[in-house]
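Before any comments, here is the structure.
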Amino acid sequence: MSAEVLVRGSWVLTQGPQGELADAAVAIAGGAILEVGGFGELRERHPAAEVIGDGTGVVTPGFVNAHTHLSEALATGIGSELPLAAWGEQIIGPLGAVLTTGDAREGTRLRAIELLLSGVTTVNDMFVHYNPDEPVSQGVVSGLASAGMRGVVSFGAEDVGGWGSVDRMLDEHDALAVAAGGLIGFRYGIGTLLGQTDELLERGIARAAERGWAVHTHLHETRAELDEAQARWGSRPIAHAERLGLFELPVVAGHAVWVDADEIALLAERGVAVAHNPVANAILGSGVAPVPALREAGIPVGIGTDGAASNDSQNMLEAIKCAALLQKVHALDPAVIDAATVLRMATIEGARALGLDALVGSLEPGKRADVVLFQDAVEVGVLHDPVGQLVYGGSPRAVADVLVDGRRVVRDHRCVTVDEAEQLEACRPLVARIARDAGFAARGVSRAG
Ligand SMILES: [Zn+2]
């Protein structure tokens with residue numbers, strides 16, 4: 001079989017059994033990786049293939065953003081000084097009531113540019129807003145599909161506080177599962193256990209078990225969550241989830257910041273995966289997740305940006321760097337985690353956390369061709385160690401080309417599936433309308449509107 005494309009780099013960091021290859025390339029045909037090896041050899045075997053890359057750059061698997069909320073795509077840069085509960089009440093709640101399917105689609109397309117230009121090819125999303133008038137979460141599916149991204153979508157709106165009937169919310173999960181397809185998979189979403197009434201929690205878990213759905217949730221993000229759960233159920237959320245049978249389903253849990261040794265052992269035993277969100281944890285002052293202990297217990301830990309409203313960026317390179325920085329400064333030990341580990345977390349380990357590791361996460365023959373080339377920028381242009389340079393010095397400026405499923409979605413540093421200038425133009429009036437209708441402008445939270 002002949003390759004259609006060779007993606008060439010001075011280094012190819014496969015994150016798979018072939019390790020790190022110098023002066024190498026990835027050969028691609030039919031959207032899949034055909035072989036990975038020395039550029040000279042591959043060039044000889046595939047003389048007709050188009051070559052992307054001049055041999056000076058660094059090639060990696062596409063990054064897996066293990067946790068975000070594209071429903072927040074048009075609400076960035078506000079509320080960063082609020083603690084989690086107040087942020088939910090003042091920003092997230094009012095936003096949900098005015099968000100439309102069109103907003104969700106256009107916001108997703110806008111952030112897709114930011115995701116792709118920081119090397120993300122797969123995004124694990126949870127829609128956390130609820131609009132009783134329309135199934136808004138489906139806007140994310142069409143947004144991701146039109147941007148040519150791979151993803152997993154879930155709906156994680158909450159019903160404590162009386163907004164939304166349980167039946168209506170369960171219907172939206174079903175509708176989203178049907179809407180997903182192509183490169184977009186589906187998980188059952190549970191925003192937080194505490195945000196749901198016991199009825200939604202129990203019926204939702206039963207529905208997921210019945211349908212064979214995996215689950216995406218948040219667990220033990222803040223210390224306040226532990227006290228609230230203690231007051232409501234007489235136990236911490238993880239113990240309550242175990243009682244409800246949640247961990248009998250495949251679960252990826254955002255955060256796991258406040259977990260003790262017994263809880264880490266339980267999560268490991270139950271095969272629960274964790275999505276670590278260092279930037280959002282720092283912005284909200286939530287704490288530092290015990291990433292080394294989680295990984296030592298055998299838990300797959302991916303890296304997420306978290307939502308655009310709690311980060312406030314979808315720049316995955318920033319999240320990767322901060323994953324290392326946060327552990328180092330917390331442990332007062334620069335060796336507590338290394339660059340190679342965080343790069344693995346952002347690629348193959350994130351894919352494993354989502355159950356997608358047979359498909360993506362590393363550059364291996366037979367996997368789908370999700371590939372990033374970093375090239376033509378100061379940030380990666382002079383290399384001693386490609387891994388350290390990428391993790392601590394990487395920048396969207398250096399993202400030259402991105403392929404998802406073999407399709408080139410970023411070409412010469414520009415996203416070609418969504419035009420950046422046009423998308424900004426399309427989103428400005430939406431942001432102004434949201435600022436007015438959600439009351440952000442009147443309350444002085446937003447200067448748009
Ligand atoms: Zn989150």
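Both counts, for ligands and for their atoms, begin at 1 and track the order of listing.
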- Item | Ion pair Lys321/Glu318, N-O distance below 4.0 Å | no
- Message: Below 2.8 Å, can you find an N, O or S atom of His69 next to the Zn ion (ligand 1)?
- Response: yes
- Message: Regarding Glu221, does it place an N, O or S atom less than 2.8 Å from the Zn ion (ligand 1)?
- Response: no
- Task: Mind reading off the angle at the Zn ion (ligand 1) between the NE2 atom of His218 and the OD1 atom of Asp306, rounded to 10°?
- Result: 180°
- Looking only at heavy atoms, which two atoms of Val257 and Pro290 are closest? And how far apart? O-CD, 3.4 Å
- Query: Are Arg436 and Val98 close enough, and set up right, to give a side-chain contact (heavy atoms from CB on, under 4.5 Å), and what steps lead you there?
  - Reply: CA-CA 10 Å; Arg436 284 192 303 273; Val98 303; over 6 Å; no
- Partner of Asp401 under side chain to side chain contact (heavy atoms under 4.5 Å, CB included), picked from Arg408, His413, Gln375, is Arg408
